[in-house]
Visitor: 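The structure under discussion is supplied below as structure tokens; questions concerning it will follow.
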2 protein chains.
Amino acid sequence: MSEQRAASTPTRRRGAALETAITDAAWQILLDQGYNGFTYEAVAARAGTSKPVLYRRWPQREDLLTATIARHWRPLEVPDTGSLREDALTLLRTVNAERGRALILLRVQLADYFRDTGTSFDDLRNRLHPQDRTPPFALLVSRAVERGELADVPRSRRVVNLPFDLVRHDMLMRMGAVPDDSIVEIVDEVWSPLLGPAPHAP
Amino acid sequence: MSEQRAASTPTRRRGAALETAITDAAWQILLDQGYNGFTYEAVAARAGTSKPVLYRRWPQREDLLTATIARHWRPLEVPDTGSLREDALTLLRTVNAERGRALILLRVQLADYFRDTGTSFDDLRNRLHPQDRTPPFALLVSRAVERGELADVPRSRRVVNLPFDLVRHDMLMRMGAVPDDSIVEIVDEVWSPLLGPAPHAP
DNA sequence: GGGATTAGATCCGCTTGCGTATCTTAACCG
DNA sequence: CGGTTAAGATACGCAAGCGGATCTAATCCC
């Protein structure tokens with residue numbers, strides 16, 4: 001716990017501090033080298049420690065991988081601004097800004113891992129966040145209906161989740177963040193017309 | 001050329017026959033092992049030949065890779081049935097059926113290759129098919145406009161290409177082919193409303 | 001049929017990562 | 001303060017892939 005960093009001695013790390021340093025290093029390696037570069041040697045080197053330290057904690061490569069992801073992949077925080085359009089734009093911008101490389105990592109770079117283990121992204125997600133989370137956009141839409149901003153008619157999962165899917169698609173195609181124009185275009189020119197007019201509109 | 005397969009002798013292959021066998025083997029390895037399993041040894045073994053034979057033809061790994069892809073990635077054939085809806089469904093079904101694993105391969109499994117070489121998928125596509133091809137769905141839409149099936153109004157690339165993007169998105173998420181229901185849903189419930197009514201509708 | 005070509009097999013040294021073992025010494029705990 | 005724990009360094013044998021070199025024999029061409 002004592003975070004005393006003395007003048008000359010770089011302090012041999014222990015416990016939580018060490019584990020954090022290692023998983024941070026591992027995350028960085030995953031982000032910029034992919035699953036290929038994700039070796040015990042590389043992680044140890046980057047964290048400034050050595051292989052046995054890693055093997056002691058995570059005997060299997062998968063253990064280190066999931067521990068690393070668990071620390072860096074948090075469920076999205078769903079905004080509630082009182083306006084469906086603003087909610088949607090905010091959420092998409094958050095995804096775009098914070099999830100750029102992580103999305104690519106999980107859906108693209110880890111393809112080898114998923115193939116080798118016979119698991120899927122959803123398996124991993126379920127292992128990390130077992131709660132059956134409602135998709136964020138479903139929540140936005142139901143709130144908008146409650147506010148009377150949208151008609152209370154059934155909508156397919158496809159339409160409700162469309163902006164999310166399209167932004168994710170663009171991010172995957174560009175292997176990174178998407179221009180803000182695209183986000184606005186998706187919400188205003190694609191999603192909005194499909195959701196239908198407000199209930200008390202002429 | 002002489003394709004004589006005698007009774008006992010498996011005939012030592014030469015020239016084009018040999019190259020085809022090798023690139024076929026390489027393609028299969030790419031499809032089910034990804035870029036990681038794509039080693040000269042594995043390809044040689046699968047093709048029933050040996051490394052020097054490969055090195056003689058493709059001194060760099062990239063040469064073998066591009067030769068393999070060039071042989072197996074053909075531009076889409078754009079249907080022309082006289083009905084926009086049928087055109088779209090046909091095209092999407094073709095993509096879904098024929099491009100399943102290949103799409104995953106090119107956009108996901110080759111991520112390491114693209115990162116390592118600093119190139120992108122588009123670079124590769126341009127190298128293989130340098131013609132500036134019109135996106136298939138733009139062609140479908142312009143034909144529909146000519147037939148009077150759609151109003152002649154400007155449409156964004158986003159809307160025109162939406163079905164393609166969504167099917168691609170779903171294929172990437174599922175890492176494989178998409179149910180036919182999804183294709184119909186995308187065309188009828190998402191794309192069609194966005195394209196607007198026929199010009200001579202009430 | 002005879003000679004040139006080259007497919008296919010085998011072996012080489014090199015590098016990288018694996019997973020483990022050993023040893024020291026810094027940091028913690030009672 | 002003395003003893004236990006464990007961080008960090010180093011070395012190990014093993015395996016796989018690399019990029020060649022070498023050699024043979026099958027196939028082609030004249």
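Just so it is clear: chains get the letters A, B, ... in the order the sequence lines come, proteins before strands, and each one is counted from 1.
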Visitor: Round to a whole Å and report the spacing from CG of B:Leu54 to P of D:dC18.
Guide: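 Spelled out: CG on B:Leu54 to P on D:dC18 is 10 Å.
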
Visitor: Along nucleotides 19-25 of chain C, 5' to 3', which nucleotides get a B, which get an S, and which get a -, given that the test is a protein heavy-atom distance under 4.0 Å?
Guide: BBB---B

Visitor: May I ask you to decide whether A:Arg57 forms a salt bridge with A:Asp63, counting only side-chain N to carboxylate O separations under 4.0 Å?
Guide: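 Salt bridge: no.
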
Visitor: Using a heavy-atom cut-off of under 4.0 Å over every strand shown, decide if A:Ser50 touches base, sugar-phosphate, or nothing.
Guide: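 Since a base atom lies under 4.0 Å of A:Ser50, the category is base.
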
Visitor: Students often mix this up, so state it plainly: with edges at 30° and 60°, are the rings of B:Trp73 and B:Phe121 parallel, tilted or perpendicular?
Guide: perpendicular

Visitor: Is the distance from OP1 or OP2 of C:dG8 to the nearest side-chain N or O of B:Thr49 less than 4.0 Å?
Guide: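 Yes, B:Thr49 has a side-chain N/O under 4.0 Å of OP1/OP2 on C:dG8.
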
Visitor: Return the value, rounded to whole Å, for the distance between atom CG of A:Leu64 and atom P of C:dC18.
Guide: 11 Å

Visitor: What parts of residues 20-35 of chain A reach DNA chain C, counting only heavy atoms under 4.0 Å away?
Guide: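 Heavy-atom contacts with DNA chain C come from no residue of residues 20-35 of chain A; none.
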
Visitor: Could you pull out all donor-acceptor pairs under 3.5 Å where a side-chain atom in residues 21-32 of chain A meets a protein atom, sequence neighbours excluded?
Guide:
residue : atom : partner : partner atom : Å
A:Thr23 : OG1  : A:Glu19 : O            : 2.9
A:Thr23 : OG1  : A:Thr20 : O            : 3.2
A:Asp24 : OD1  : A:His72 : NE2          : 3.0

Visitor: On the ring face of A:Phe137, is A:Arg157 found with NZ or CZ under 6.0 Å from the centre and within 45° of the axis?
Guide: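 Negative - A:Arg157 is either too far from the ring of A:Phe137 or too far off its axis.
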
Visitor: Does a donor on one side chain sit under 3.5 Å from an acceptor on the other, for B:Thr117 and B:Thr119?
Guide: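 Present: a donor and an acceptor within the cut-off.
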
Visitor: Which part of the nucleic acid, if any, lies within reach of A:Thr39 when heavy atoms closer than 4.0 Å are counted: base, sugar-phosphate only, or nothing?
Guide: sugar-phosphate

Visitor: Any chance the rings of B:Trp191 and B:Phe164 have centres within less than 6.0 Å?
Guide: no

Visitor: Is a salt bridge present between A:Asp170 and B:Arg158, judged by a nitrogen-to-oxygen distance below 4.0 Å?
Guide: yes

Visitor: B:Trp58 CH2 to D:dG20 P: how many Å, rounded?
Guide: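 My rounded result for the distance is 16 Å.
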
Visitor: Got a donor-acceptor contact below 3.5 angstrom from the A:Thr90 side chain to the A:Glu86 backbone?
Guide: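 Yes, A:Thr90 side chain to A:Glu86 backbone: donor-acceptor pair under 3.5 Å.
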
Visitor: How many Å lie between CZ on A:Arg57 and P on D:dT5, as a whole number?
Guide: 15 Å

